[in-house]
Amino acid sequence: MNMFRNAYGSVPVQPRLAWLFVWVLSGLLGLAGCALPTPGGDSLYHRLGDRPGVAQLSARLIDRTATDPRTRRSFEKTKLGPLKDSLADYLCKEADGGCPYEGETMANSHAELGIQAHEFDLMVAFLREELDAAGVAPADKNELLRRLTADRRDIVQAGTTRKAP
Ligand code: HEM
């Protein structure tokens, strides 16, 4: 029997028991580590389906907006693949997924496009439909739309109120 000395005096400790204690403790800490939230953990991003979810949303939204006759004019000179990737990063960041977004600000990236209010509203309507099609819960859908449309003033050319054709 060994004696283990601490601030409170000496206590008898079986060496094997001490090792067992250390082993169990490290196992418990490991389990706790697994339970810690990973980036994006219980976030809006996670509820959107993590990377596969936002990548699909981004791709479907760009495909629709870039082909619909009412919105496609802005995309004529744009490479859609990189735009889909950049939008997916942006959606991840906005939904608290922790992704680095390396693109331009909303004001800079749309500055030359002269986007009209009705084009913006159509894109938001497409996104709403794609979120429904993906089975995203109404509260999560509305939260994402709220966050994205906060930048409306930066994206829509000032003073445009023309109605959709
Ligand atoms: C909530 C609305 C919108 C969001 C969140 C959004 C987001 C983005 C993002 C993240 C980029 C990439 C910027 C970069 O990589 O530097 C981008 C670029 C672009 N967006 Fe939007 N956008 C919105 C509305 C619109 C609308 C309404 C249109 C047109 C109908 C549009 C057309 C474009 C185009 C053409 C580009 C590429 C510009 C280029 O080639 O440099 N966006 N947008």
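Whatever order the structure lists them in is the order used to number ligands and atoms, beginning at 1.
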Check: When you measure from atom 32 (C) of ligand 1 to every protein heavy atom, which one gives the shortest distance, and what is it?
Finding: Phe75 CZ, 3.4 Å

Next item on the list: Compare all side-chain heavy atoms of Asp140 with those of Arg47 and state whether any distance is below 4.5 angstrom.
Entry: yes

Notebook entry, point to check: Is the shortest heavy-atom distance from the side chain of Asn108 to the side chain of Asp154 under 4.5 Å?
Noted result: no

Notebook entry, point to check: When you look for heavy atoms under 4.0 Å from ligand 1, do you find them on the side chain of Leu122, its backbone, both, or neither?
Noted result: neither

Next item on the list: Could you check atom 18 (C) of ligand 1 against the protein and tell me its nearest heavy-atom contact, residue, atom and distance included?
Entry: Leu83 CD1, 3.4 Å

Notebook entry, point to check: Which atoms of ligand 1 are found less than 4.0 Å from any heavy atom of Tyr90?
Noted result: 5 (C), 10 (C)

Notebook entry, point to check: Looking at side-chain heavy atoms only, is the closest gap between Arg60 and Arg64 below 4.5 Å?
Noted result: no

Notebook entry, point to check: Do Tyr101 and Ser86 have side-chain heavy atoms sitting under 4.5 Å apart?
Noted result: yes

Margin query: Could you tell me if the side chain of Gln116 sits less than 4.5 Å from the side chain of Val156, heavy atoms only?
Written below: no

Note to self: I want to check something: taking the side chain as every heavy atom from C-beta on, are Met106 and Arg152 in contact at a cut-off of under 4.5 Å?
What the structure shows: no

Checklist line | From the candidates Ala66, Ser86, Ser109, the one that places a heavy atom nearest atom 38 (C) of ligand 1 | finding: Ser109

Next item on the list: Below 4.0 angstrom from a heavy atom of Glu104, which ligand 1 atoms are there? Numbered from 1 as shown, please.
Entry: 14 (C), 16 (O)

Check: So which heavy atom in the protein is nearest atom 24 (C) of ligand 1, and how far is it from that ligand atom?
Finding: Met123 SD, 3.3 Å

Notebook entry, point to check: Thr65 side chain to Leu61 main-chain N or O, any donor-acceptor pair under 3.5 Å?
Noted result: yes

Margin query: Out of all atoms in ligand 1, which are within 4.0 Å of some heavy atom of Phe120? Include the element for each.
Written below: 1 (C), 2 (C), 27 (C)

Next item on the list: Run the contact test for Met106 against ligand 1 with a 4.0 Å cut-off on heavy atoms, strictly below, and give the result.
Entry: yes

Margin query: Is it the case that the side chains of His46 and Asp50 hold a donor-acceptor pair, with the cut-off being a distance below 3.5 Å and no angle test?
Written below: yes

Margin query: Do Lys84 and Asp63 have side chains that approach each other closer than 4.5 Å (heavy atoms only, starting at C-beta)?
Written below: yes

Item checked: Residue portion contacting ligand 1 (non-hydrogen atoms closer than 4.0 Å) for Leu127 -> neither

Checklist line | Per-atom contacts, ligand 1 versus Leu87 - under 4.0 Å to a heavy atom | finding: 7 (C)

Check: Quick one: are Arg147 and Asp96 in side-chain contact, heavy atoms under 4.5 Å?
Finding: yes

Note to self: Heavy atom to atom 22 (N) of ligand 1, shortest distance: which of His110, Gln116, Arg73 holds it?
What the structure shows: His110

Check: Going by distance only, is there an N or O of Thr65 that falls short of 3.5 Å from an N or O of ligand 1?
Finding: no

Notebook entry, point to check: Within a distance of under 4.0 Å, is there any protein heavy atom near atom 40 (O) of ligand 1?
Noted result: yes

Notebook entry, point to check: Is it the case that more than 12 heavy atoms not belonging to Arg51 sit under 6.0 Å from its CZ atom?
Noted result: yes

Next item on the list: Examine ligand 1 and decide if any of its atoms is less than 4.0 Å from a heavy atom belonging to Ile155.
Entry: yes

Next item on the list: Kindly determine whether Arg128 and Asp121 satisfy salt bridge (Lys or Arg N to Asp or Glu O under 4.0 Å), including the steps that lead there.
Entry: CA-CA 10 Å; Arg128 186 182 290 279; Asp121 294 341; over 6 Å; no

Check: Which heavy atom of the protein is the closest neighbour of atom 35 (C) of ligand 1, given with residue, atom name and distance?
Finding: Ser74 O, 3.3 Å

Check: For ligand 1, does Val124 get within less than 4.0 Å through its side chain, its backbone, both, or neither, judged by non-hydrogen atoms?
Finding: neither

Margin query: Checking a contact table here: which protein heavy atom is nearest atom 34 (C) of ligand 1, and how many Å away?
Written below: Leu113 CD1, 3.5 Å

Checklist line | Taking atom 31 (C) of ligand 1 as the reference point, the nearest protein heavy atom with its distance | finding: Ile115 CD1, 3.5 Å

Note to self: Is it the case that the side chain of Ser109 and the backbone of Thr105 share a donor-acceptor pair, with hydrogens and angles ignored and the cut-off at 3.5 Å?
What the structure shows: yes

Next item on the list: Heavy-atom contacts with Gly103 under 4.0 Å: which atoms of ligand 1 show up? List them by number with element.
Entry: 14 (C), 15 (O), 16 (O)

Check: So which protein heavy atom does atom 13 (C) of ligand 1 come closest to, and at what separation?
Finding: Tyr101 OH, 3.3 Å

